[in-house]
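As the structure lists them, so they are numbered: ligands from 1, and atoms in each ligand from 1. Just so it is clear, the values below take in all heavy atoms, side chains as well, and ignore hydrogens, waters and symmetry mates.
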Amino acid sequence: MVVNSTIVVEAGEVFDGAGNRYVANPETVGDGSQKENQKSVFRLQDGATLKNVVLGAPAADGVHAYGDALIENVVWEDIGEDAMTIKEEGHVVIRGGSAQHGSDKMFQINAPAKLDIINFTARDAGKMIRQVGGSTFHTEVYIEGSVITNMNEAIFRTDSQTSKVTMVNTRYSNVGEKWYNVEHVSESGN
Ligand code: ADA
Ligand code: CA
Ligand code: CA
Ligand code: CA
């Protein structure tokens with residue numbers, strides 16, 4: 001279906017896309033280019049769940065999370081400006097699903113957060129995870145049971161000396177520097 005204005009999943013609610021494909025109206029939401037200030041296809045309020053959704057092209061600015069969120073079995077067929085952005089402090093869990101074809105960022109962290117990525121397939125982007133440039137807040141990234149291939153620059157890039165990444169039981173290849181400026185890395189079983 002064509003999304004003409006951002007779909008808001010209210011606090012504590014579950015949006016189950018039942019496997020349907022959602023594409024942005026390029027005129028009103030965003031064309032999926034590298035232009036900033038596109039709108040998101042989905043906006044997740046605190047405690048929302050988004051599941052069983054396919055984001056087709058154009059995917060505009062993807063998914064925006066405002067607080068805690070569960071993003072389960074969501075497939076980005078062709079990442080737009082980026083795939084998912086943490087806009088307000090919270091704990092975001094991405095479980096299952098995949099994302100591919102990003103010109104630059106896949107997951108963008110713009111507020112202090114915990115981001116857990118579990119059983120996810122990430123391929124073909126500049127970097128999988130980017131804490132917004134120049135920010136020094138503390139973020140914790142946890143990656144488990146995932147497959148990560150073909151990142152030009154890194155799996156995680158930050159400018160914060162306190163941010164951490166933990167990666168376990170994950171397969172990866174051709175991921176650039178892997179950890180770009182990350183001071184605290186913990187890995188096992190990869
Ligand atoms: C760039 C930009 C940020 C923010 C971010 C995003 O990093 O510099 O201000 O807009 O993209 O959330 O897409
Ligand atoms: Ca951006
Ligand atoms: Ca793309
Ligand atoms: Ca963006």
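Around the Ca ion (ligand 3), the protein atoms of type N, O or S that sit closer than 3.0 Å are D78 OD1, I79 O, H101 O. Around the Ca ion (ligand 2), the protein atoms of type N, O or S found under 3.0 Å away are E36 OE1, E36 OE2, E81 OE1, E81 OE2, listed by chain and number.
In this structure, the side chain of Q108 does not engage the main chain of K87 through any donor-acceptor pair within 3.5 Å. Under the 3.5 Å distance criterion, the side-chain polar atoms of E72 are left unmatched by any main-chain donor or acceptor of N52.
You'll find the ring centres of F107 and F120 inside the 6.0 Å limit.
Ion pairing between E77 and R21 holds under the 4.0 Å rule for side-chain N and carboxylate O. Note on K35 versus D61: no salt bridge recorded, every NZ/NE/NH1/NH2 to OD/OE distance being 4.0 Å or above. Taking the charged nitrogens against the carboxylate oxygens, E187 and K178 do have a contact shorter than 4.0 Å, which makes a salt bridge.
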Quick one, Y142 with E140, criterion side-chain hydrogen bond (donor to acceptor under 3.5 Å, both in side chains). Give me CA distance, side-chain angles, the key distance, then yes/no. CA-CA 7 Å; Y142 177 78; E140 294 186 20; over 6 Å; no

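The hydrophobic cluster containing V23 also includes V2, under a criterion of side-chain heavy atoms closer than 4.5 Å among ILVMFWY residues, counted directly or through chains of members.
Partners of F15 by ring-ring contact (aromatic ring centres under 6.0 Å, His included), not counting sequence neighbours, listed by chain and number: Y22, F42.
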